[in-house]
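Worth knowing before you read on, the calculation uses all heavy atoms, side chains too, and leaves out hydrogens, waters and symmetry mates.
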Amino acid sequence: MLKFTTIRSCTGCGLGQAFPMPAQPELDAFYRSGAFWDATGNHPAQRAHENVQAQLRVQHCIPHLQGDRPLRVLDIGAGHGCIADWLAKLLPGRIASYGFVELDTQRRAEILEKQPGFAVHAFDGIPTEGQFDLILLNHVLEHVASPPQVITAVTALIAEGGIAYVETPHLDYRFKSDVFPHTYFFSPGVYAQLAIGLPVRSLEGEAFGAWPGDKRGLARQVHRGLSLAFAVAVKLRWQGLQRALDRAIWRYRANPQGIWVRWLITPLRR
């Protein structure tokens, strides 16, 4: 349903944009159709990888959560709801509620069946009111028609002392032959420029992770061995080994050339 033919990049900040840019209703219809997750996200290995990423995201946010008050969480683009699982494991007794936005109806129903020990409820889109202590946008901004509009809407929902965690690929056309259906392409510099024009204060903005492809010699053999071992761990449902191998494959440390960018923000109070 979507067709992009060109990626253009700003020579100033580096932001990349796909053309022709569809309107947001077209994008919403695509994701509601299930076509995206059916093509990319239902393989057991991909779901295991998503689970590891969710753990790391929650762990990364914990030091930035002030005080010990009950936390209201909003997960935008929730996927399979792995964030809810890790909130329950890593912040037991701290979560007051978990609201989420997931346009794919099958994924949405799967999340609503979870019983993590706190209230779980779905939103049809980014809510227009309410206050949340932690908002997560994991691989969302590269799928929308207007990232500044989304960030502005999200910022208005962050409670006093709260944060939003944003994660996107890092100019992934550098290392992927097919980046469909990404609409925008980000770098730490792009987020720094966004912060200037938006009502936010940046707490952190960095690239991290490493692309495991295009290896040669011994490194290629090591990568192949790790990937085979990961596939076996997924098949046997050895979750601890899955997490260890996934971290070895993707190397989630901060890295200027990393394949993802994370941006932590809080509202700019006046």
Side-chain angles (χ1 to χ4, degrees), residues 24 28 31 50-51 53-104 107-144 146-168 186 191 194-195 198-205 261-270:
Q24 191 60 51
D28 291 347
Y31 292 108
E50 180 187 344
N51 186 55
Q53 291 179 308
Q55 177 189 9
L56 295 172
R57 289 161 182 158
V58 174
Q59 288 176 327
H60 198 83
C61 290
I62 288 175
H64 297 275
L65 299 174
Q66 300 177 8
D68 57 359
R69 67 184 184 278
L71 301 171
R72 299 155 294 178
V73 180
L74 176 62
D75 187 6
I76 301 173
H80 294 93
C82 298
I83 289 290
D85 299 329
W86 284 107
L87 288 170
K89 293 176 183 177
L90 298 174
L91 291 166
R94 286 284 313 276
I95 308 302
S97 63
Y98 171 81
F100 72 94
V101 178
E102 177 50 58
L103 298 183
D104 185 292
R107 306 290 88 72
R108 176 185 174 124
E110 181 179 332
I111 297 171
L112 287 172
E113 291 177 357
K114 292 180 180 292
Q115 296 181 343
F118 43 79
V120 175
H121 53 276
F123 293 100
D124 292 331
I126 297 175
T128 57
E129 57 184 18
Q131 292 284 279
F132 300 90
D133 304 291
L134 172 61
I135 302 179
L136 300 108
L137 294 93
N138 293 312
H139 294 253
V140 171
L141 286 191
E142 73 269 27
H143 297 280
V144 303
S146 176
Q149 184 176 347
V150 172
I151 293 298
T152 299
V154 165
T155 302
L157 300 171
I158 303 176
E160 186 74 35
I163 63 168
Y165 175 96
V166 180
E167 184 180 310
T168 60
F186 299 89
Y191 284 122
L194 273 176
L198 295 173
V200 301
R201 179 166 63 90
S202 294
L203 303 177
E204 180 184 301
V261 186
R262 53 192 168 209
W263 186 37
L264 271 70
I265 57 175
T266 193
L268 187 61
R269 309 286 183 186
R270 298 191 184 279

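- Annotation: side chain of I265 is not in contact with side chain of L198 (no heavy-atom distance under 4.5 Å).
- In this structure, CG in D75 is found 11.0 Å from CZ in F132, a value given to the nearest 0.5 Å.
- In this structure, L134 and L71 have side chains that are not in contact, with every pair of non-hydrogen atoms separated by 4.5 Å or more.
- Under the salt bridge (charged side-chain N to carboxylate O under 4.0 Å, His left out) criterion, K89 pairs with no residue, sequence neighbours left out.
- One finds the CD1 atom of I158 at 9.0 Å from the CD atom of Q131 (value rounded to the nearest 0.5 Å).
- Atom CZ of R69 has more than 12 heavy atoms from other residues, nucleotides or ligands within 6.0 Å.
- A distance of 10.5 Å separates CG of L203 from CH2 of W263, quoted to the nearest 0.5 Å.
- Using a distance-only test at 3.5 Å, with no hydrogens or angles considered, a donor-acceptor pair links the side chain of E102 to the main chain of G79.
- Residues L136 and C61 come closest through the heavy atom pair CD2-SG, 4.4 Å.
- Listed by chain and number, the residues in a salt bridge (charged side-chain N to carboxylate O under 4.0 Å, His left out) with R72 are D133 (sequence neighbours excluded).
- Between the W86 side chain and the Q53 main chain, no donor and acceptor come within less than 3.5 Å of each other.
- Counting only distance, with no hydrogens or angles, the side chain of E50 and the backbone of H80 share a donor-acceptor pair below 3.5 Å.
- Atom CD1 of I151 and atom CG of L194 lie 7.5 Å apart (nearest 0.5 Å).
- With contacts defined as side-chain heavy-atom distances shorter than 4.5 Å, the pair L74/P127 qualifies.
- Exactly one residue among V166, T155, L137 makes a side-chain contact (heavy atoms from CB on, under 4.5 Å) with V150. That residue is L137.
- Aromatic ring orientation, Y191 versus F186: parallel (interplanar angle below 30°, classes split at 30° and 60°).
- At a threshold of 4.5 Å between non-hydrogen side-chain atoms, the residues D124 and R108 count as touching.
- Summarising the geometry of Q59 relative to L90, their closest heavy-atom pair is CG-CD1, 3.6 Å, with the distance given to 0.1 Å.
- Scanning all heavy atoms of the two residues, the minimum distance from G162 to T266 falls at O-OG1, 2.8 Å.
- Contact record, P70 with A96: CB-CB, 3.8 Å, taken as the closest heavy-atom pair.
- When side chains are defined from C-beta on, V73 does not count as touching F118, because their heavy atoms never get closer than 4.5 Å.
- In this structure, the separation between NE2 on H143 and CG on L103 is 11.0 Å, given to the nearest 0.5 Å.
- Considering every non-hydrogen atom in both H121 and S97, the closest pair reads CE1-CB, 4.0 Å.
- The CD1 atom of I76 sits 9.0 Å away from atom CG of L141, with the distance rounded to the nearest 0.5 Å.
- In this structure the side chain of L91 reaches within 4.5 angstrom of the side chain of L65, judged on heavy atoms.
- When all heavy atoms of Y165 and N138 are compared, the pair lying nearest together is CE2-OD1, 3.2 Å.
- Note: H60 and H64 have tilted aromatic rings, judged against thresholds of 30 and 60 degrees for the angle between ring planes.
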